[in-house]
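There's a structure below that I have some questions on.
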Amino acid sequence: RSGEMAKSTQLIDNEVFRAYATYAAIVLLKMMLMSLVTAYFRITRKAFVNPEDVASFGKGESAKKFLRTDADVERVRRIHLNDLENIVPFVGIGLLYALSGPDLSTALLHFRIFAGARIVHTLAYLIPLPQPGRGLSWAVGYAVTISMAYKVLKTA
């Protein structure tokens, strides 16, 4: 029901809230996946930051060569950090937005564009694609979160 604040007992029946929950889960899982991708890159590039992580490669000086930074590992880490900077605000603001009674089609547009922008951002960063692809995908996702925040503030 557009324009009406959702009651907590009705959340599970609220289509906007269910859509929010779906897309929030998608982007949170995507963010969690970045931890596994980072671990994969660390292992395959043999680039670690903690001495205990290289213990299986030997001891002393022979293991120290694996305590290093790697450009590919750092690229994946930056994707993950960018996710933290953008997905966490989306989850909080998106929840408030879903509870503010938006029209379902408008809410779906917000949620889908944000999720798509974050996926494109990750691919553009990981591959890497030439700019402005990554920057535009970031800006689109950011604009969606700002748009939802504006709606929440306007409604409140």
Side-chain angles (χ1 to χ4, degrees), residues 1-50 53 68-156:
R1 297 180 292 199
S2 180
E4 188 176 315
M5 190 64 118
K7 293 175 179 60
S8 61
T9 56
Q10 298 171 327
L11 283 182
I12 202 69
D13 296 327
N14 183 304
E15 289 180 290
V16 172
F17 182 78
R18 285 199 318 263
Y20 160 75
T22 299
Y23 287 96
I26 289 169
V27 294
L28 287 168
L29 286 169
K30 183 226 123 6
M31 186 171 66
M32 291 171 62
L33 178 64
M34 295 315 302
S35 296
L36 298 175
V37 174
T38 302
Y40 170 79
F41 272 79
R42 282 202 182 285
I43 292 166
T44 59
R45 305 306 193 267
K46 292 186 172 91
F48 303 96
V49 293
N50 300 308
D53 297 337
R68 62 185 182 85
T69 58
D70 177 86
D72 293 331
V73 172
E74 292 306 308
R75 178 171 286 277
V76 174
R77 287 182 68 247
R78 287 191 302 271
I79 296 169
H80 197 183
L81 287 172
N82 195 276
D83 278 351
L84 287 168
E85 295 167 359
N86 290 275
I87 291 174
V88 171
F90 167 81
V91 168
I93 291 170
L95 175 61
L96 297 174
Y97 173 75
L99 296 175
S100 72
D103 180 65
L104 176 61
S105 62
T106 305
L108 281 170
L109 189 63
H110 278 93
F111 302 153
R112 288 173 177 166
I113 289 173
F114 182 84
R118 291 313 305 169
I119 291 167
V120 169
H121 179 270
T122 297
L123 293 174
Y125 217 142
L126 196 57
I127 290 175
L129 297 177
Q131 284 286 30
R134 187 180 81 234
L136 285 175
S137 60
W138 170 84
V140 167
Y142 197 81
V144 166
T145 304
I146 294 294
S147 173
M148 291 188 303
Y150 173 77
K151 166 70 164 114
V152 168
L153 292 172
K154 187 176 161 191
T155 302

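Given the structure is predicted, the values throughout are model-derived calculations rather than measurements.
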Once you measure the plane-to-plane angle for Tyr20 and Phe90, does it fall in the parallel (<30°), tilted (30-60°) or perpendicular (>60°) bin?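 Tyr20 vs Phe90 ring planes: tilted.
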Residues in side chain to side chain contact (heavy atoms under 4.5 Å, CB included) with Ile146, at least two apart?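 In terms of side chain to side chain contact (heavy atoms under 4.5 Å, CB included), with neighbours along the sequence ignored, Ile146 is linked to Tyr142.
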Just to verify, what does Ser137 make a side chain to side chain contact (heavy atoms under 4.5 Å, CB included) with, not counting sequence neighbours?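 Expected list: Val120, His121.
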Partners of Leu109 by side chain to side chain contact (heavy atoms under 4.5 Å, CB included), sequence neighbours excluded?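 If we apply the side chain to side chain contact (heavy atoms under 4.5 Å, CB included) test to Leu109, skipping adjacent residues, the hits are Ile113.
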If you round to the nearest 0.5 Å, how far is CD1 of Ile87 from NE2 of His80?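 Reported to 0.5 Å precision, the distance equals 8.5 Å.
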Minimal non-hydrogen separation, Ala149 against Ile93, with atom names: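 Smallest heavy-atom distance, with atoms named: N-CG2, 3.5 Å.
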Do Arg118 and Trp138 have side-chain heavy atoms sitting under 4.5 Å apart?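 Yes, at least one pair of side-chain atoms sits under 4.5 Å.
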Closest non-hydrogen atom pair between Val140 and Ala117, with its separation: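 So the minimum-distance heavy-atom pair works out to CG1-CB, 4.0 Å.
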Measuring from atom OG1 of Thr69 to atom CZ of Phe48, what distance do you get when rounded to the nearest 0.5 angstrom?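 With rounding to 0.5 Å, OG1 (Thr69) is 13.5 Å from CZ (Phe48).
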According to side-chain hydrogen bond (donor to acceptor under 3.5 Å, both in side chains), does anything in residues 87-98 pair up with another residue at least two apart or in another chain? List the pairs.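 Checked against side-chain hydrogen bond (donor to acceptor under 3.5 Å, both in side chains) - neighbours excluded - the pairs reaching residues 87-98 are Tyr97-His110.
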Less than 4.5 Å apart, side chain to side chain, heavy atoms only: is that true for Asn86 and Thr145?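 No, their side chains stay 4.5 Å or more apart.
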What pair of heavy atoms forms the shortest contact from Arg75 to Leu126, and how long is it?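 Where Arg75 meets Leu126 most closely, the heavy atoms are CD-O, 4.4 Å.
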First locate atom OG1 of Thr106, then atom CZ of Phe111, and finally report the distance between them rounded to the nearest 0.5 Å.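 Answer for the OG1-CZ pair, Thr106 versus Phe111, is 10.5 Å.
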Out of curiosity, Leu136 CG to Leu129 CG, how far, rounded to the nearest 0.5 Å?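 So the CG of Leu136 and the CG of Leu129 are separated by 11.5 Å.
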Specify the closest pair of heavy atoms between Val73 and Ala47, including all atoms of both residues, with the distance to one decimal.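 Looks like CG2-CB, 4.3 Å.
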Separation of Asn50 CG from Arg42 CZ (nearest 0.5 Å):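 It comes to 8.0 Å.
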Compare every heavy atom of Leu84 with every heavy atom of Pro89, then report the nearest pair and how far apart it is.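 Smallest interatomic distance, heavy atoms only, reads CD-O, 3.9 Å.
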Closest heavy-atom contact between Val76 and Thr38?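 Of all heavy-atom pairs spanning Val76 and Thr38, the closest is CG1-OG1, 3.1 Å.
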Mind checking side chain to side chain contact (heavy atoms under 4.5 Å, CB included) for Glu85 and listing every partner two or more places apart, or none if nothing turns up?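 By the side chain to side chain contact (heavy atoms under 4.5 Å, CB included) rule, Glu85 matches Asn82.
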Is the cationic atom of Arg134 (NZ for Lys, CZ for Arg) positioned less than 6.0 Å from the six-membered ring centroid of Tyr125 and within 45 degrees of its normal?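 The answer is yes; both the distance and angle limits are met.
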Mind checking what makes salt bridge (Lys or Arg N to Asp or Glu O under 4.0 Å) contact with Arg45, not counting sequence neighbours?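 Only Asp72 meet the salt bridge (Lys or Arg N to Asp or Glu O under 4.0 Å) criterion with Arg45.
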In Å, rounded to the nearest 0.5 Å, how long is the span from CZ of Phe114 to CD1 of Ile119?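 If we round to the nearest 0.5 Å, Phe114:CZ and Ile119:CD1 are 10.5 Å apart.
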Steps toward side-chain hydrogen bond (donor to acceptor under 3.5 Å, both in side chains) verdict (Thr155, Lys151): CA-CA 6 Å; Thr155 302; Lys151 166 70 164 114; 3.1 Å; yes
